[in-house]
Amino acid sequence: MYKQKTKETDNSVIEFIENVENPKKREDAYKLLDIFVETTGYEAKMWGPSIIGFGAYHYKYESGHEGDAPLVGFSPRKAKISLYFATGDTERESLLEDLGKHTTGKACVYINKVADINVDALKALINQSVKFLQETYPNR
């Protein structure tokens, strides 16, 4: 049976950010922390060892697979900063067009630094993701 790896923990978000080696990436992590807290109204929580998440939802797929995940989040990784937003909403793509310099993976949006992006577009993506997930998974 599948066991969820990335779970909410009681680890300190500030301690995690303080341990980010690159000073510029650490500074960006604090900027993102402020933006995500202000935009979502949720307290930051660590999810697994390296994701800073905001809010939570419980998902259950038709396959029976279920678990919990943050509504939105980010991780200041060595190479790039990963931003986590909901997938599956058609509005996401149009909002990403206004974000600025970024790349996308299956579920992640990657940026090099906060200065490369439009913060208003980031806030719109955060709000869209939270709204979409709360409407799609209204049980938490």
Could you check whether any side-chain heavy atom of [X] comes within less than 4.5 Å of a side-chain heavy atom of [Y], counting everything from C-beta outward?
X	Y	result
P70	Y84	no
D89	Q128	yes
L32	L122	yes

Taking all non-hydrogen atoms of both residues, which atom of [X] and which atom of [Y] are closest, and how far apart?
X	Y	result
A69	Y59	CB-CE2, 4.2 Å
V20	P76	CG2-CG, 3.8 Å
A56	W47	CB-CZ2, 3.9 Å
K80	I111	CB-O, 3.4 Å
T87	A107	CG2-CA, 3.8 Å

Next on the checklist: Around atom NZ of K31, are there more than 12 heavy atoms from other residues, nucleotides or ligands closer than 6.0 Å?
Outcome noted: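 Yes, NZ of K31 has more than 12 neighbouring heavy atoms, counting only those of other groups under 6.0 Å.
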Checklist entry - Given the rule in the side-chain contact (heavy atoms from CB on, under 4.5 Å) test, do I126 and F54 qualify, once you have shown the distances and angles that lead to the verdict? => result CA-CA 10 Å; I126 293 168; F54 303 83; over 6 Å; no
Next on the checklist: Can you confirm if the aromatic rings of Y57 and Y137 lie within a centre distance of less than 6.0 Å?
Outcome noted: yes
Supply the atom-to-atom distance [X] [atom1] to [Y] [atom2], rounded to the nearest 0.5 angstrom.
X	Y	atom1	atom2	value
I17	R26	CD1	CZ	10.0 Å
D10	K45	CG	NZ	6.5 Å
F85	F132	CZ	CZ	14.0 Å
L125	H102	CG	NE2	8.5 Å
I117	L99	CD1	CG	5.0 Å
K113	N22	NZ	CG	11.0 Å

Looking at [Y], is its backbone amide N or carbonyl O close enough to the side chain of [X] to form a donor-acceptor pair, meaning the two atoms are under 3.5 Å apart?
X	Y	answer
D28	V114	yes
S75	S82	no
H58	E66	no
S129	A86	yes
K25	R77	yes

Checklist entry - V37 and Y42: same hydrophobic cluster, using ILVMFWY side-chain contacts below 4.5 Å? => result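 They do share one cluster, since a chain of ILVMFWY contacts under 4.5 Å joins V37 to Y42.
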Item to check | hydrophobic_cluster_shared for V109 and L133, side chain cutoff 4.5 Å | outcome: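 Both belong to a single hydrophobic cluster.
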Next on the checklist: What verdict does the side-chain contact (heavy atoms from CB on, under 4.5 Å) test give for V13 and L33, after you've listed the backbone C-alpha separation in whole Å, the side-chain angles of each residue and the deciding distance to 0.1 Å?
Outcome noted: CA-CA 9 Å; V13 170; L33 180 63; 4.1 Å; yes
Checklist entry - So F36 and L71, side-chain contact (heavy atoms from CB on, under 4.5 Å) or not? Walk me through it. => result CA-CA 11 Å; F36 275 79; L71 292 167; over 6 Å; no
Item to check | Audit row: Y30, E18, side-chain contact (heavy atoms from CB on, under 4.5 Å) steps and yes/no | outcome: CA-CA 9 Å; Y30 279 117; E18 282 299 315; 2.5 Å; yes
